[in-house]
Amino acid sequence: MTGGATGTVNGRFEPGAALRPQVRRLLTGEIGRARESLTLARENPPAGVHETRKRFKRIRALLSLVRPADEDFYVIENARYRDLARTLAPAREAAALVETVDRFRTGDTGPSESREAVRATLAARLPQAGDRRVGLAIENAVAWCEAGVAAAARFDPDADADMADVLASGAKRSLKQARKALAAIRRHGGAEDFHSLRKAAKAHAAHLGLLAEL
């Protein structure tokens, strides 16, 4: 079997295996990769924080996929990684602004003094290694990831929960959210509607990666 969205078959559900140990395996694996990203963030905050937030999104996608099996577990653990991502958001937003300016630079025929001045101002706000606030956010995230590993053992689906039914129900939920966002876009096309569609599409893509072996 070949690698998937998370890099190895260990990042996918395996046919024929029980749901409970698989969810624990997948969760602890993704949390471990988030911890690695947080280690990178200590030396390179923009890159490490960005990668960590992506890992948190994958964890939340996994949680949403198995939500039908243990609603209470989903509510608590989804809130954990949602809130952790928010604590790291300022560091990521600073880097995203610089990246946005850089996209405008692509294909330009000549320099723009005003644009370069804007970029320099934004780049000066990028978090650096040793930044106290970013460091505290990273340490907090590490602690909560450790708690998340312990919490993974509390995933407790109903004894008669069928894995195929659970995963199908979880995947359908993200598609339902995408259809809802599309309907809202057709009605008035607000920025939040497009944002909702983007989130649903990302969740569905993550689900496809997790389900690739099934």
Side-chain angles (χ1 to χ4, degrees), residues 2-15 19-20 22-38 49-89 92-93 96 99 141 144-145 148-149 151-152 155 157 161-187 189-214:
T2 57
T6 53
T8 69
V9 71
N10 288 332
R12 298 171 170 178
F13 282 95
E14 297 177 12
L19 178 64
R20 187 176 185 180
Q22 289 209 79
V23 170
R24 293 179 177 180
R25 169 179 61 81
L26 291 168
L27 262 180
T28 54
E30 279 297 343
I31 294 169
R33 285 181 275 273
R35 290 279 307 275
E36 293 172 2
S37 299
L38 287 166
V49 166
H50 182 41
E51 186 61 30
T52 301
R53 281 168 54 82
K54 288 195 295 183
R55 290 296 175 188
F56 288 161
K57 287 177 182 178
R58 288 172 182 156
I59 291 171
R60 294 181 66 195
L62 169 59
L63 292 170
S64 72
L65 188 59
V66 299
R67 178 178 181 175
D70 191 339
E71 178 73 17
D72 291 341
F73 181 82
Y74 165 80
V75 170
I76 294 171
E77 294 306 302
N78 182 65
R80 178 196 305 277
Y81 298 103
R82 178 199 64 208
D83 294 345
L84 278 177
R86 287 174 178 170
T87 66
L88 297 171
R92 172 55 194 156
E93 288 165 359
E99 291 169 8
W144 278 100
C145 281
V149 171
F155 176 72
D162 179 78
M163 186 174 76
D165 289 343
V166 168
L167 299 180
S169 296
K172 286 178 181 177
R173 186 186 294 265
S174 70
L175 290 174
K176 182 178 180 180
Q177 291 170 339
R179 287 194 294 270
K180 182 179 179 180
L182 276 172
I185 287 170
R186 291 190 180 103
R187 288 196 302 272
E192 278 299 314
D193 303 322
F194 282 97
H195 182 56
S196 295
L197 178 60
R198 183 169 176 265
K199 288 194 298 183
K202 283 189 171 185
H204 184 59
H207 291 170
L208 292 176
L210 289 162
L211 299 172
E213 296 298 326
L214 301 184

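In this text, all values refer to a predicted model and were calculated from it rather than measured experimentally.
In this structure, R25 and G11 approach most closely via the heavy-atom pair NH1-N, 4.3 Å. Taking all atoms of both residues into account, the shortest heavy-atom contact from A85 to R53 is O-NH1, 2.6 Å. Nearest heavy atoms, T52 versus A34: OG1-O, 4.0 Å. Taking both residues in full, the closest heavy atoms of E213 and P15 are given as O-CG, 3.2 Å, listed atom of the first, atom of the second, then distance. The nearest pair of heavy atoms linking A152 to T28 is CB-CG2, 4.1 Å.
Using a 4.5 Å heavy-atom threshold, the side chains of F56 and L88 count as touching. Side-chain atoms of F155 and V66, non-hydrogen and from C-beta on, do get closer than 4.5 Å to each other. For the pair L65/V23, no side-chain contact is recorded, criterion being any heavy-atom separation below 4.5 Å from C-beta on.
Note: R186 CZ to D193 CG = 12.0 Å, rounded to the nearest 0.5 Å. Considering OG of S37 and CZ of R33, their distance stands at 9.5 Å, rounded to 0.5 Å. With rounding to the nearest 0.5 angstrom, the CG atom of L62 is 5.5 Å from the CG atom of L210.
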Identify every side-chain donor-acceptor pair in residues 161-185 under 3.5 Å, counting partners at least two apart or on other chains, and give the distances.
residue	atom	partner	partner atom	Å
D162	OD2	A164	N	3.2
D162	OD2	D165	N	3.0
S169	OG	D165	O	2.9
S174	OG	A171	O	2.9

Enumerate, atom names and distances included, each donor-acceptor pair closer than 3.5 Å involving a side-chain atom of residues 200-209, sequence neighbours excluded.
residue	atom	partner	partner atom	Å
H207	NE2	A61	O	2.9
H207	NE2	S64	OG	3.0

Got a list of side-chain donor-acceptor pairs under 3.5 Å for residues 68-77, not counting sequence neighbours?
residue	atom	partner	partner atom	Å
D70	OD1	F73	N	3.2
D70	OD2	D156	N	2.9
E71	OE1	R67	NE	3.0
E71	OE2	R67	NE	3.2
E71	OE2	R67	NH2	3.0
E77	OE1	R80	NE	2.8
E77	OE1	R80	NH2	3.4
E77	OE2	R80	NH2	3.0

Working for side chain to side chain contact (heavy atoms under 4.5 Å, CB included), residues Y81 and L63: CA-CA 10 Å; Y81 298 103; L63 292 170; 4.1 Å; yes
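Within 6.0 Å of atom CZ in R82, more than 12 heavy atoms from other residues, nucleotides or ligands are found, so the atom counts as buried in its surroundings.
Residues satisfying the side-chain contact (heavy atoms from CB on, under 4.5 Å) criterion with K54, sequence neighbours excluded, are H50, E51.
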